[in-house]
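Values in this document were obtained by computation on a predicted structure and should not be read as measured data.
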Amino acid sequence: MSNAISGPGFLLQVSDVPGDAGTFTTVAEVKDITGPAVSLDVIDVTNQSSPGGYEEIIPSIRRAGEVDFEVNFDPLSGTHDGATGLLYLANNKVKVGWRLQLQDTGSHYWSFDGYVVGFQTKAPVAGVLSGTTKVRITGQPVILP
């Protein structure tokens, strides 16, 4: 038996302050979501005496990467607009708390702080007005119940 978690129903939420204790609002009309993407930088410490002539490394900085997502862009939405939404966060360099609510039976969610570092709209001839957003995570993302 699989414990796979299917969509739709995942929610991306943004807070009014950094951390996990603020007031969270669900970002309107979010489509696919990618990230967080935790990785570890390493430092090459290989030297002339490395055993067997093999590369030796030591761990360095952990990185949480970015969360990328697309929305059906609505310039009137308070979570998209330039007064309080994604565009506002990008233009004003505001660090806020984010939640990526999963659809598991334990109601788990990713919790992280981040900055909107990219927001781009797309207006195709055959399609809908969309917006692609990049949130750069700062600090450690965690999964909470």
Verify the neighbour count for atom CG of Asp44: are there more than 12 heavy atoms of other residues, nucleotides or ligands below 6.0 Å? yes
Hey, what do you get for CD (Gln101) to CH2 (Trp110), rounding to the nearest 0.5 Å? 13.5 Å
Working to the nearest 0.5 angstrom, can you tell me the gap between Glu70 CD and Thr34 OG1? 10.0 Å
Donor-acceptor side-chain pairing of Thr84 and Asp81 below 3.5 angstrom: yes
Among side-chain atoms of Asp20 and Ser111, is any donor-acceptor pair under 3.5 angstrom? yes
Tell me whether Phe10 at atom CZ has more than 12 heavy atoms from other residues, nucleotides or ligands lying less than 6.0 Å away. yes
Would a line drawn from the ring center of Phe119 to the ring center of Phe73 be shorter than 6.0 Å? yes
Can you tell which of Val142, Thr138, Val135 makes a side-chain contact (heavy atoms from CB on, under 4.5 Å) with Phe112? Val135
Would you mind reporting whether Thr121 and Ser130 have side-chain heavy atoms less than 4.5 Å apart? no
For the atom pair NZ (Lys134) and CD (Gln120), what is the distance rounded to the nearest 0.5 Å? 9.5 Å
Between Arg136 and Tyr115, is NZ or CZ placed under 6.0 angstrom from the six-membered ring centre and within 45° of the ring axis? no
Point-to-point distance, once rounded to the nearest 0.5 Å, from OG1 of Thr25 to CZ of Arg99: 11.0 Å
Roughly how far apart are Ile43 CD1 and Ile58 CD1, rounded to 0.5 Å? 4.5 Å
Residues Val117 and Glu66: closest non-hydrogen pair is CG2-OE2, 4.0 Å
When you measure from the side chain of Ser50 to the backbone N and O of Asn47, does any donor-acceptor pair fall under 3.5 Å? yes
Taken to the nearest 0.5 Å, the spacing of Leu87 CG from Asn92 CG works out to 9.0 Å
Closest approach of Ser15 to Gly22 (non-hydrogen atoms, all atoms of both residues): OG-CA, 3.4 Å
Quick check: closest heavy atoms across Ala28 and Thr79, and the distance to 0.1 Å? N-OG1, 3.0 Å
Does a donor on one side chain sit under 3.5 Å from an acceptor on the other, for Thr46 and Glu56? no
Can you check side-chain contact (heavy atoms from CB on, under 4.5 Å) on Leu100 and Tyr109, steps first, answer last? CA-CA 5 Å; Leu100 173 51; Tyr109 60 92; 5.9 Å; no
Any Ile137 side-chain heavy atom under 4.5 Å of Pro36 side chain: yes
